[in-house]
Structures are given as structure tokens and as C-alpha cells.
Amino acid sequence: MFDKFAFIDEEMTRLREASLLNNPRVMGSPADGWMVVDGKRVLNFCANNYLGLANHPRLKEAAHAAIERWGAGPAAVRTLAGTQALHCELEARLARFKGVESALFLGSGFVANQAVIPPLVGKEDVIFSDRLNHASIIDGARLSGAKIIVYEHNDAADCEARIREHLPNYRRGLLVTDGVFSMDGDIAPLDKLTEVAARHGVMTMVDDAHGEGVLGRNGRGIVDHFGLHGVFDIEIGTFSKAFGVIGGAIAGKKRVIDYIRQKARPMLFSSATTPADTAACLAAIDLLEESGERVTRLWENTRLFSAAMRKMGFDVGASSTPIVPVMLGDAALAKRFSQALFDEGVFAVAIGFPTVPQGKARIRVMNTAAHSPEDLETGLAAFERVGRALGVIA
Ligand SMILES: *Cc1c(COP(=O)(O)O)cnc(C)c1O
């Protein structure tokens, strides 16, 4: 009989043979510098927990208190009965923290990109998108129906050439880029891109998921890092990484955010975040406003780790942030490397296609303020042993 699901077996076999099948390990403890992974206590180098806030007592206390005060869930979308006073407080606090007129809080960073792009551009418009932009930007852009023109990675001159060529054929344009590129750890040249966009009257949007809590004063993000307050149009952020919780944010001028609030489909059709999450996000902002100490420690760890890796002879690409890719090329080698590290008590995942281009497989190391200098030594020693054993370094 005709097997209508035969295509699934074919695709699963193809993925397995290409070493591209995802077999997620299972966490047995909270996200932290050290974790229990598949039953083994290991040094964790792959969470986005840049500031060590995911298991912070202040965030947990805030979540507990919010459950008592506000319940387990809002049970409604934001535009109907789901906007709790907590959401308004978080949006006001986030706007103040980032130095913008207004901010909108949504379920996740992924959702924020779906929410913001379709109201800004449609079929008659054009999006200028960095070649290495995150999947959620690409999906948001596709959802809008606008023409998508890809410019070369972090290349403001190429971006301007594409704008010159294509913008005249469309009603309006949107330039969109990741802030910190999540697989390479390099930073978008936001200053140059802003100038280019301004020359051509193109709207600007940056997804700062990996810069939030990492770049700028006390982790205020990439716009703060470049001093572009009030100049750069739209900043997408996430509370799911450095902030250690969950949630997405859209920040910018009140005129724009008020409009997104009316039009964004996730605002209209997806329920509001839980009180526990919202309150924990507020506690994370409190901590960052009180002290930049965790951000400083994150960067100290990053500098130490990157310098040592380069010195050992590893190729860490163009990284200039706490994301340090260890370039290996071959997906099977990357998987073997990750497994050997795990056997040594170090957890760092291999990343392959389609998350990164074919032939660009790597181990991605995420530094965190949760590591002590001794932890870093432990991790570096494991990288050295495995790198030698697999012939990656001499
Ligand atoms: C992780 C990430 C997202 C998704 O954020 P979530 O809050 O986890 O949904 C969006 N954009 C970029 C660039 C990311 O790295």
C-alpha cells in the first residue's frame, strides 16, 4: 500500500547520515556554570546564560511572589484581558533602562520578529537583510510578503549598493540585521548601517538577542554600545538569554511602538506571558540597573578564554563577543569533538547545517559570568587535550 509518510523516513535517514540529526541532551539541574547533563556533572559552555541570572535567587523570589499575587497565568491575549499591571511595569522599566520612548513585551524574541516586520512592510516594499541574519528575522521577513534583498555579511557598502539598486522599485524599505551574530560572535556595524539607511530614508531594525545584557553600559544593548539612542529606529531584544528568563521586546519611538501594539498579530492572537516570567524579567532589570559587575566579569572571562584559545592555535573566527565559535568545518568532526569534550566533563555543543552554512560546522562556546577563573582553566585544558587528540591543533 502507498505509504504517505515514506518521505519522513527518507529525510530522517538523510539527516542521520549527514550527522545533522538533533539528539538534545537532557538537563538535570538549573542552567548554571556547572550543570547535570544526561546524569553527569559538567562544566557548561553552551547556555545563553551570559550573566548567570537563570538560577539567581532574586529572580526566583520575584517569580514566586508574582505567582502568589497574580496567579499562574493571565489566560488571555494582551489586547483582550491579558495585559496585567506587571506587563505595563516591565515595559516602562525596559524603556527607561534602554533609553527609548517606548517598549513592547511579547512571549519570546522569535515572536517579536514575527510581530514587528509585517506591520512595517508588505508586498510593495523591500527588506535589506544581512546574509547571516537569524532564522526568526528571516521568517518574520517572509511572513511580511515584502521582497527580501540579502546583502553581504556586515558589509555596509554592499548594503548601500543594494539599496541604490532596489529601493526605487518599491514603496519603502527596511534594513534589518542581527546585533551580535549568534553563530560567529561578531558585531553588526550599526553606526555605518545607520548612516546608509539615513541617506536613503530606509527604516532600521536590529535584533539584539545576544547583545542584550552583554553590550553597552550595564548591558543596555547594541544601540547603547554605539550611542545611537533616538537615531536607530527599532531594537528587538530577548529576556531569554542574558536576562535568564523568557520573553521578547520591541523598543523604539512611541509612534512606532504604539502602531506595532495595534497591528502585531502575536499581540492579538497569542496569550500574554505568565506573571512568574514577567516578574523575573523585572528582577533581572533591577539587578542590571544596580550593578555592572556581572557584565564586567562576563567580558573578563571572554577575553581570557578567547586569547587562550587563539594561543593554542584554534580558529575562533571573527568573534569579538562572549560567543566564541571553534571552527572545525566538518559536521562529523564537530560532533566527535563535542562528545570527547563531554567525556572530559565539558559541555559544548556542535553546530551544523542549517544553523550554520554547509562545511562550516563548529563547536560554539558561550562564555558566562557564572564561571570562575578556575572553571575557565578546566575548560581550556579539556579543549587542548581534545584538540590535540583529534589533530585540530598541533
Ligand atoms: C535566540 C534568538 C532569537 C530568539 O529569541 P527567543 O527569546 O529565544 O525566542 C531571536 N533572534 C536572535 C538573533 C537570537 O539569537
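Side chains included, hydrogens not; waters and symmetry mates left out as well; all remaining heavy atoms used. It should be emphasised that the depicted structure is a prediction, and the values quoted were computed from it without experimental measurement. For ligands, and for the atoms within them, numbers begin at 1 and follow the listed sequence.
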Q. Does NZ or CZ of K360 fall inside the cone over F353's six-membered ring, less than 6.0 Å from its centre and within 45° of the axis?
A.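 The answer is no, since K360 fails at least one limit relative to F353.
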
Q | Cation-pi, F337 ring and R362 (6.0 angstrom, 45 degrees) | A |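 No, cation not above the ring by the 6.0 Å, 45° rule.
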
Using a 4.0 Å cut-off to any heavy atom of [X], which atoms of ligand 1 qualify?
X    : result
S136 : 10 (C), 11 (N)
A209 : 2 (C), 11 (N), 12 (C), 13 (C), 14 (C), 15 (O)
D207 : 10 (C), 11 (N), 12 (C), 13 (C)
T238 : 5 (O), 6 (P), 7 (O)
G109 : 4 (C), 5 (O), 6 (P), 7 (O), 9 (O)
H210 : 15 (O)
D178 : 13 (C)

**Q.** N/O separation below 3.5 Å, F110 to ligand 1
**A.**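 Such a contact does occur with ligand 1.
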
Q) Out of S108, S240, A112, G211, whose heavy atom sits nearest atom 8 (O) of ligand 1? A)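 Answer by nearest heavy atom: S240.
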
Q) Under a heavy-atom criterion of less than 4.0 Å, does G248 contact ligand 1? A)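 Judged by the 4.0 Å heavy-atom criterion, G248 does not count as contacting ligand 1.
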
**Q.** Aromatic contact, F45 with F305 (centres under 6.0 Å)
**A.**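 Yes, the ring of F45 comes within the 6.0 Å limit of the ring of F305, centre to centre.
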
Q: Could you walk me through whether R93 and D286 pass salt bridge (charged side-chain N to carboxylate O under 4.0 Å, His left out), step by step?
A: CA-CA 9 Å; R93 287 289 307 282; D286 284 341; 2.8 Å; yes

Q: Give me the one residue out of K98, R220, K241 that meets salt bridge (charged side-chain N to carboxylate O under 4.0 Å, His left out) with E212.
A: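 In the set K98, R220, K241, the residue that makes a salt bridge (charged side-chain N to carboxylate O under 4.0 Å, His left out) with E212 is K98.
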
Q. Identify the closest protein heavy atom to atom 1 (C) of ligand 1: which residue and atom is it, and at what distance?
A.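 Here the nearest protein heavy atom works out to K241 NZ, 1.4 Å.
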
(Q) Testing R78, H87, Q84 one by one against T273 for a side chain to side chain donor-acceptor pair (under 3.5 Å), which residue passes? (A)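 Running side chain to side chain donor-acceptor pair (under 3.5 Å) over R78, H87, Q84 with T273 returns exactly one hit, H87.
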
Q | N-O pairing of E91 and R96 below 4.0 Å | A |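 Looking at E91 and R96, the cut-off is not met.
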
Q: Step by step, work out the side chain to side chain contact (heavy atoms under 4.5 Å, CB included) result for M27 and M35.
A: CA-CA 7 Å; M27 307 301 119; M35 292 177 71; 3.5 Å; yes

